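Down below is the structure, laid out as structure tokens.
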Amino acid sequence: MSTDDTDAREQLLDLAAQFYDQFEAGGVPSMEVPTRTKSNIEYDEDKNVWVYGDRTSTRSAKSVRGAQKLLKAVYAIEFLSRQLEEDRSSTLRELYYLSESWDLDEAQFSSQDESNQLIEDLEIVSGATREDFHMRPEESGATIMGPLELREQTRRGEREIHCQKDVGEGGYQIPNNPDTIEFLDNDADFALCVETGGMRDRLVENGFDDDYNAIIVHLKGQPARATRRITKRLHDELDLPVVVFTDGDPWSYRIYGSVAYGSIKSAHLSEYLATPEADFVGIRPQDIVEYDLPTDPLSDSDINALESELEDPRYQTEFWKEQIELQLDIEKKSEQQSLASRGLDFVTDTYLPERLTEMGVL
């Protein structure tokens, strides 16, 4: 085991030892975690990220339900501890199915949502992350392409990779734990996070990464934790501006929000995952009007989401208020690929260069 693996294992075992100590002292074992509800999420205006509030929930053996939750936690801790000791890994989905082999029916998970939530509980109370536990989600497939050289730790040892010269058109696939990557060298001027695969492919095909020294990060929709983590590292460690390029709809604005400010689901890791300095490059409602882009009408759920964002502390700048109100007024939304209505090269020759120059990135 590496030092980090040993630390994570000790943190888990310390948690189990607390249950034992509570038993030995004649008390009822319990585990306290932040209440993971929207009402207990606070926006930290100093750090510009979502964080949990002061409300907590107690998993206590005083009730049957609480006792079962603690039982499942102990079984999961034992499994994760052994996994770390053996230097193995598993997926969140595998953990759910693995529990069916545990010798007590009461310790088995009833759904993957339950096992996922328990892993989040263990992250919070141990201070480690699921990546430290060698737990990974199903492969997200997100990639990066650009003038970046890195060293990656693999089971076959270290390997050095240039994210243009040593990869195909698909780019370098972001590993589950980007903290195993060491940045060696780069000629990048900024990182461009792109929502859709079609737009990512257009930028690569047109050589945007070469022409503008850009690291293109494919978010692949709502970005996975690994994608947000490597984006934060690109900003913090390489001092690269980060800009986010999405569709022009309220759900895509939330993709930007998760990159920049964190998400409610992972509020306990916001400072680890979020990049508050990230800027939004488009598609803006203003672009829909200026470029007369092909559009779809806003649905009722779109309108409700936009109205909700007007009350969301993440979107309280003049820019966002103006853009959201404009979108509600025109009642239209548009995709990134709609820029192709003005030619396949328009996005790389005109739209992005002009917008990025206005923003001071180029």
Side-chain angles (χ1 to χ4, degrees), residues 1-9 80 82-95 123 128-194 197 199-201 203-221 223-242 259 269 272-273 275:
M1 288 188 296
S2 69
T3 302
D4 289 343
D5 293 347
T6 301
D7 289 344
R9 185 169 182 268
L80 294 172
R82 187 173 67 252
Q83 174 169 277
L84 287 170
E85 188 173 29
E86 296 173 357
D87 195 23
R88 303 289 299 277
S89 67
S90 57
T91 67
L92 294 169
R93 186 68 173 166
E94 285 174 325
L95 175 62
E123 283 186 314
T129 68
R130 72 183 186 204
E131 290 80 12
D132 296 327
F133 302 152
H134 290 192
M135 293 297 301
R136 60 184 190 277
E138 297 306 312
E139 215 53 71
S140 74
T143 61
I144 58 177
M145 171 71 88
L148 171 68
E149 185 177 5
L150 53 83
R151 180 181 292 121
E152 181 184 54
Q153 301 288 341
T154 74
R155 288 191 172 274
R156 296 175 182 84
E158 296 179 345
R159 63 171 183 157
E160 295 183 3
I161 302 168
H162 191 283
C163 296
Q164 285 172 321
K165 300 174 184 177
D166 300 330
V167 299
E169 291 296 284
Y172 168 74
Q173 184 161 313
I174 300 169
N176 174 58
N177 186 0
D179 286 339
T180 62
I181 294 172
E182 179 185 354
F183 296 142
L184 299 178
D185 194 16
N186 82 95
D187 295 313
D189 292 330
F190 64 99
L192 175 64
C193 300
V194 183
M199 181 53 72
R200 178 260 175 217
D201 292 346
L203 297 180
V204 172
E205 181 178 315
N206 286 14
F208 187 82
D209 53 316
D210 275 320
D211 294 342
Y212 291 96
N213 298 323
I215 296 176
I216 300 173
V217 182
H218 179 200
L219 298 177
K220 204 174 181 186
R225 282 170 40 159
T227 310
R228 287 181 282 156
R229 177 58 182 163
I230 201 167
T231 298
K232 181 174 179 60
R233 289 193 61 200
L234 290 171
H235 174 271
D236 290 356
E237 297 173 33
L238 303 184
D239 198 27
L240 295 179
V242 171
V259 173
L269 296 172
Y272 171 77
L273 299 175
T275 308

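Source: prediction; values computed, not measured. Heavy-atom basis, side chains included; hydrogens, waters and symmetry copies ignored.
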Look at the side chain of [X] and the backbone N and O of [Y], then say whether any donor-acceptor pair between them is shorter than 3.5 Å.
X      : Y      : answer
Glu152 : Arg159 : no
Arg9   : Arg82  : no
Gln83  : Phe133 : yes
Asp132 : Thr129 : yes

Spacing of [atom1] belonging to [X] relative to [atom2] belonging to [Y], to within rounding of 0.5 Å:
X      : Y      : atom1 : atom2 : value
Asp236 : Thr231 : CG    : OG1   : 10.5 Å
Met145 : Leu192 : CE    : CG    : 13.5 Å
Arg228 : Ile230 : CZ    : CD1   : 14.0 Å
Leu95  : Ser90  : CG    : OG    : 6.0 Å
His162 : Leu184 : NE2   : CG    : 10.5 Å
Ile174 : Ile181 : CD1   : CD1   : 7.5 Å

Do [X] and [Y] come close enough that some side-chain heavy atom pair is under 4.5 Å?
X      : Y      : result
Gln164 : Asp209 : yes
Leu148 : Leu238 : yes
Asp179 : Tyr272 : yes
Arg229 : Glu131 : no
Glu182 : Glu158 : no
Ile215 : Cys163 : no
Phe208 : Val194 : no
Tyr172 : Leu150 : yes

Discussion item. Can you list everything that forms a side chain to side chain donor-acceptor pair (under 3.5 Å) with Asp166? Sequence neighbours excluded, please.
Written reply: none

If you look at every heavy atom in [X] and [Y], which pair is closest and at what distance?
X      : Y      : answer
Leu240 : Phe190 : CD2-N, 4.1 Å
Met135 : Thr91  : CE-O, 3.4 Å
Thr143 : Gln173 : CG2-CA, 4.0 Å
Ala226 : Pro175 : CB-O, 3.3 Å
Ser89  : Arg136 : OG-NH1, 2.6 Å
His134 : Arg88  : ND1-O, 2.8 Å

